[in-house]
Amino acid sequence: MVEVTNDVSLKVENLNSQVGEFRLKNISFELPVGEVLSILGPSGSGKTVLLRTLAGLNKTESGAIIFGDERIEKYSPRDRKVGFVFQNYAIFPHLDTKLNLGFPLYIGGKKKKEVYKIAIKAAEELDGLPNYLELKPDELPEGMKQLIAFGREKLHDCRLLLLDEPLSQLDRKLHVEMRALLKRFIKELGKTTIAVFSDPEDALSVSDYLAILDDGELLQFGETFDVYQNPSNLKVMELTSRLGLNTIDVEIKGGNVLNKLKVDKEDGSYKLCFRPEEIAIKDEGLEVQTVESHIYDSSHNLVECDFHGKPIRLLVHKNVPEKFNFIPTNPKYY
Ligand SMILES: Nc1ncnc2c1ncn2[C@@H]1O[C@H](COP(=O)(O)OP(=O)(O)OP(=O)(O)O)[C@@H](O)[C@H]1O
């Protein structure tokens, strides 16, 4: 018997699913009502398979998917009341924006005229979309297609919204604009949402919770900030590091590392891991020499440095000299 508390929206328990040779293995997590979960993982780790299994498009081999107080893993996709925005938006080339937007209502049996009326009203709440209502997808800018796909879910009577790489088709500038819009849209919609991202920056900025998948296994699940601050292993830290990750082989002896850093760990060999942006310039820290410098923003450079013959990457203020000392502010030892 699975116990569910009232504020748990979605509970996934020991979920197993198989497609071809690939297996999702014993996935378990709980997501409170109205929260946003991002799934991050390398290519082929099973992110889409997990979304499709939740939506009922892949069969659940064993385990439970519980929504509110209902077990839904045996329900058909339609009965699960799940909205799914696919990677390619699932926009129909022969339909204009109004009908693409109102598609869930149209296939639900509403008359075209009525669908148009509702779609026009919905478009008014989405910046810029009203100007494109009469156009077909191949006449639309990429960002507008995306907006239709999101907007459609507004008209969909779904209780769980699934988004598969919602920002992947966009160029850099549009990507950043649409990320902000997506965040606003999800919050306004107020539905429990699960989104797959390949860019950690997207996942970190959009979600309340983070799930890290690798080879069909859930490596870590938790509130986004907690997972980011306390990755349970090297892989999780790598996947949540937007500027890459520095790793240095070190020996810990009597709580000392490299004669400069203190740590409360048993003696032994470890990998010291830290993100380029999680450092502080300190005279008593580790000395490095800049080899190459790239402008990051108006006040910071991303510098490639030499540390005892090993290349490391650090985000520093642009006034930092070529030779400087630093300490990692959130180091992890694995
Ligand atoms: N219908 C299918 N039949 C056989 N194998 C499949 C099927 N769908 C997915 N797979 C395999 O399952 C594994 C996981 O695929 P999935 O698409 O979930 O990865 P992903 O994490 O979403 O990757 P990406 O970031 O590249 O989209 C892959 O090895 C893929 O080849």
Side-chain angles (χ1 to χ4, degrees), residues 10 12-29 31 36-65 72-73 76-78 80 82-91 142 145-146 149-150 153 160-172 174-176 178-179 182 186 192-207 209-222 224 227-228 231-245:
L10 176 69
V12 173
E13 213 170 62
N14 294 321
L15 182 69
N16 285 280
S17 171
Q18 177 124 19
V19 279
E21 299 289 297
F22 181 81
R23 253 178 26 85
L24 267 188
K25 303 169 197 110
N26 277 321
I27 306 288
S28 299
F29 63 86
L31 192 58
V36 182
L37 165 67
S38 287
I39 304 174
L40 259 182
S43 181
S45 57
K47 304 183 294 292
T48 300
V49 171
L50 176 55
L51 278 198
R52 289 178 57 87
T53 307
L54 295 174
L57 301 169
N58 289 336
K59 192 166 162 261
T60 296
E61 303 281 324
S62 65
I65 305 171
I72 62 167
E73 75 274 2
S76 71
R78 179 181 273 240
R80 292 186 191 200
V82 167
F84 202 142
V85 178
F86 294 90
Q87 210 163 359
N88 59 5
Y89 325 134
I91 287 181
E142 211 55 31
K145 290 188 209 167
Q146 188 112 45
F150 298 159
E153 296 313 316
L160 176 65
L161 178 63
L162 303 177
L163 306 169
D164 194 1
E165 302 239 13
L167 303 171
S168 68
Q169 313 271 337
L170 308 171
D171 66 33
R172 187 72 207 150
L174 205 53
H175 187 122
V176 174
M178 289 303 292
R179 186 203 288 150
L182 174 67
I186 292 175
T192 308
T193 299
I194 304 182
V196 163
F197 290 108
S198 52
D199 178 348
E201 199 155 345
D202 291 336
L204 293 169
S205 70
V206 169
S207 61
Y209 286 79
L210 206 53
I212 310 291
L213 263 193
D214 188 35
D215 195 19
E217 279 181 64
L218 186 58
L219 296 186
Q220 195 169 352
F221 173 88
T224 302
V227 176
Y228 182 75
S232 56
N233 61 36
L234 178 60
K235 187 99 197 176
V236 173
M237 193 165 188
E238 261 170 9
L239 288 166
T240 51
S241 298
R242 63 205 168 94
L243 300 176
L245 184 66

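Read the numbers this way: they start at 1 and go in the same order the structure lists the ligands and their atoms.
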Novice: Any N or O on G46 sitting closer than 3.5 Å to an N or O of ligand 1?
Specialist: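 Among all N and O atoms of G46, at least one is under 3.5 Å from an N or O of ligand 1.
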Novice: Check whether any side-chain N or O of R80 sits under 3.5 Å from a backbone N or O of I72 as a donor-acceptor pair, and report yes or no.
Specialist: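 Yes; judged by distance alone, with no hydrogens or angles, the pair exists.
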Novice: Atoms of ligand 1 less than 4.0 Å from E165 heavy atoms?
Specialist: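 Once the distances to E165 are compared, the set is 25 (O).
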Novice: Please work out, at 4.0 Å between heavy atoms, whether the side chain, the backbone, both, or neither of E21 comes within that distance of ligand 1.
Specialist: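 Within the 4.0 Å criterion, E21 makes no contact with ligand 1.
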Novice: Taking atom types as modelled, is there a side-chain donor on S17 or T60 under 3.5 Å from an acceptor on the other?
Specialist: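 Not at all, the side chains of S17 and T60 share no donor-acceptor pair under 3.5 Å.
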Novice: For ligand 1, which atoms sit closer than 4.0 Å to a heavy atom of T48?
Specialist: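 Taking each heavy atom of T48 in turn, ligand 1 has 17 (O), 18 (O), 22 (O) under 4.0 Å.
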Novice: Using the side chain to side chain contact (heavy atoms under 4.5 Å, CB included) rule, take V227 and F221 through it: C-alpha gap first, then chi angles, then the decisive distance, then the call.
Specialist: CA-CA 7 Å; V227 176; F221 173 88; over 6 Å; no
Novice: D214 and S45: side-chain donor and acceptor closer than 3.5 Å?
Specialist: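 Result is no, nothing qualifies.
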Novice: T48 and D164: side-chain donor and acceptor closer than 3.5 Å?
Specialist: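 There is such a pair (donor and acceptor under 3.5 Å, judged by atom type) between the side chains of T48 and D164.
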Novice: Look at atom 19 (O) of ligand 1 and find which of G20, G44, G41, P42 reaches it with the closest heavy atom.
Specialist: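 Checking each option, the heavy atom nearest atom 19 (O) of ligand 1 is found in G44.
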